[in-house]
Structures are given as structure tokens and as C-alpha cells.
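Before any comments, here is the structure.
Computed from heavy atoms alone, side chains included, the values below leave out hydrogens, waters and symmetry copies.
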Amino acid sequence: MSEACSAGDGRILVLLLDTSCGMWDQLQDKVSGKQLQDPQTLGKAEFCQQILLFLNTYLILQEGNKAAVFAVDGSGSHLLHLTPSFGSTQAKPKQHSTHSVAEQVLQQLLKSMAANNDTPDHDSPPCWSAALSRALCLIHKQQGTSASSRTEGSKPRILCINGSPDVPAQYIATMNAIFSAQRHGVVIETCMVGASDSAFLQQAAHITGGLYLRPRRTGALLQYLLIE
């Protein structure tokens, strides 16, 4: 995960966020002013804040860095943010306003969470197979126009933030996406914030040469994402 935040040529990062009800059940709500916050745990507000800080750090480290953020739930994946540098490398990438990026992602994330609660699939687990496939399509399209994405040490990366258990029915489709990522040199990494591990995403990390992490202290999620 730290390699996605290293200096050098512009890199591609696709961030997939589990926004299903199962994910939010893992995050403890804290009552402000009535109890001390436990640094071992992570509430919804802290989760959003730390994800935005990680995204901002990634973007400001190198002007050419590209990032896409998707919300993943039972109905599929929903685009939250796409940096302006995606799609065209003919001209010099635009400067990123970290404040505007954070604001946009947060607004879209909250909108996605609210919409998810109003759909018939709001209790369904996230559809990782569809999300991984969509991320790979976006990366493949970008690789077709970007020479920097093919340089040594700058493999495109997909980072999954997951808090939900595996769904056996998704196994074949998920493995197909994983092997496709391997063939195209895309690294899949995962940070699990749930109570159990994900065998599917563990295999994704192993097969594509990425990292699989389940933090012991979810309250320090940002540090894990930046250092590991």
C-alpha cells in the first residue's frame, strides 16, 4: 500500500470502499462528549476522515498520480471521484485541490450511503466481483493512453477497504477478475476492517503480489494505509 504513495512517475490507484450495511455495522458509533473514544476502534465519521486523508496524501505526493474512488454495495459499484488526470496524458495534469477532492468524495460517499439505505439491496453484501471488473476496465482504458503506467515499479493498484464477509456465490466471478488482474499486471491490495478475514481478497493479494492487511487497531487505519 505504501508503494502506491511513493514518489516517482504518476501512478494509478483505484480505491474500492465497502459501503454496505455489513460494513457500517462494524464501525462503532461514538456519542460525542459522553464517553472517551476508544483508539482501538473506528466510527463512521473517523473512517471517512481517514480515507479522505489517505487519498489526499496520495494525490499531493506526485502531480501525475491518478485516483478513482468507488463505493461498493449489494447493487454494484458507484463512482465517487475520478481525478482530472485520468483519460488524457497529452497535456500537463491539472493541480489537485485536496480540499475540493475531499469535499467531493465525502459528499458522494454520504449520498451513496443514503441511497443504499433506500434500495431493496441495502442488506446485501458488497458485490466485489463487479467492482473489481469495473476497476480493471478503467485501468485498462487508462493504460492504453498512458506510457507511465507501464514503467517498472509503477504497476496500477486496486485497494479494497472491506468490512463484510465473503459470499460463496461470487467466488467464480471474483476469481476471474483476480486472474485478469494478474494477467494485466494490476496489483490488488486489501485492508479488512471487519471481524473476519476475506479468503477471496487474501487470494487476490497473493496472486497479484499485493498486500493483505487486517489492522489490530482500526482506529489507526490511516497509519496502516500509509506505512504498510
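Between the side chain of Q170 and the backbone N or O of W128 there is at least one donor-acceptor pair closer than 3.5 Å. With Y224 contributing its side chain and R214 its backbone, the two residues share no donor-acceptor pair below 3.5 Å. No donor-acceptor pair closer than 3.5 Å links the side chain of Y212 to the backbone N or O of D197. For the pair D73 (side chain) and G76 (backbone), a donor-acceptor distance under 3.5 Å is present. Remark: the backbone N or O of S180 is paired with a side-chain donor or acceptor of H184 at under 3.5 angstrom. Between the side chain of N65 and the backbone N or O of L59, no donor-acceptor pair lies under 3.5 Å. The main-chain N or O of L222 is found under 3.5 Å from a side-chain atom of Q50 such that the two form a donor-acceptor pair.
Taking 4.5 Å as the limit, some side-chain heavy atom of L221 sits within range of a side-chain heavy atom of C191. Contact annotation: the side chain of M175 approaches that of Q203 to within less than 4.5 Å [non-hydrogen atoms, C-beta and beyond]. With contacts defined as side-chain heavy-atom distances shorter than 4.5 Å, the pair N162/P126 qualifies. Counting only heavy atoms from C-beta outward, the side chains of L159 and L225 approach each other to under 4.5 Å. A heavy-atom distance below 4.5 Å is found between the side chains of L138 and L82.
Nearest approach of V167 to P125, heavy atoms of both residues: CG2-CG, 3.2 Å. For the pair C160 and I188, the tightest heavy-atom approach, listed with the atom from each and the gap, is SG-CG2, 4.3 Å. The two atoms that bring L55 and A67 nearest to each other are CD1-CB, 3.8 Å, heavy atoms only. T208 and V186 make their closest contact through CB-O, 3.5 Å (heavy atoms, listed as atom of the first residue, atom of the second, distance). Residue G163 comes nearest to V193 through the heavy atom pair CA-CG2, 4.0 Å, listed as atom of the first residue, atom of the second, then distance. Looking at every heavy atom in both residues, L79 comes nearest to H81 through CD1-O, 3.5 Å.
Atom CG in N176 sits 11.5 Å away from atom CG in L132 (nearest 0.5 Å). In this structure, CE on M192 lies 8.5 Å from CG on D18, to the nearest 0.5 angstrom. The distance from the CZ atom of F179 to the CD1 atom of I207 is 4.0 Å, given to the nearest 0.5 Å. Separation of atoms CD (Q223) and CG (L53) is listed at 10.0 Å; rounding is to 0.5 Å. S133 contributes atom OG, which lies 10.0 Å from atom CD1 of I178 (distance to the nearest 0.5 angstrom). I158 CD1 to I12 CD1: the interatomic distance, rounded to the nearest 0.5 Å, is 10.5 Å.
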Starting from the C-alpha separation in whole Å, work towards a yes-or-no answer on side chain to side chain contact (heavy atoms under 4.5 Å, CB included) for I161 and L15. CA-CA 8 Å; I161 309 294; L15 184 59; 4.0 Å; yes

Working note: R157 + E189, criterion side chain to side chain contact (heavy atoms under 4.5 Å, CB included); need CA distance, chi angles, decisive distance, verdict. CA-CA 7 Å; R157 309 181 92 78; E189 300 185 314; 3.0 Å; yes

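Aromatic ring orientation, Y171 versus F200: tilted (interplanar angle from 30° to 60°).
When each of S124, S164, S75 is paired with S20, the side chain to side chain donor-acceptor pair (under 3.5 Å) condition holds for S164 and for no other.
V187 and F70 are members of different hydrophobic clusters when ILVMFWY side chains are connected at heavy-atom separations under 4.5 Å.
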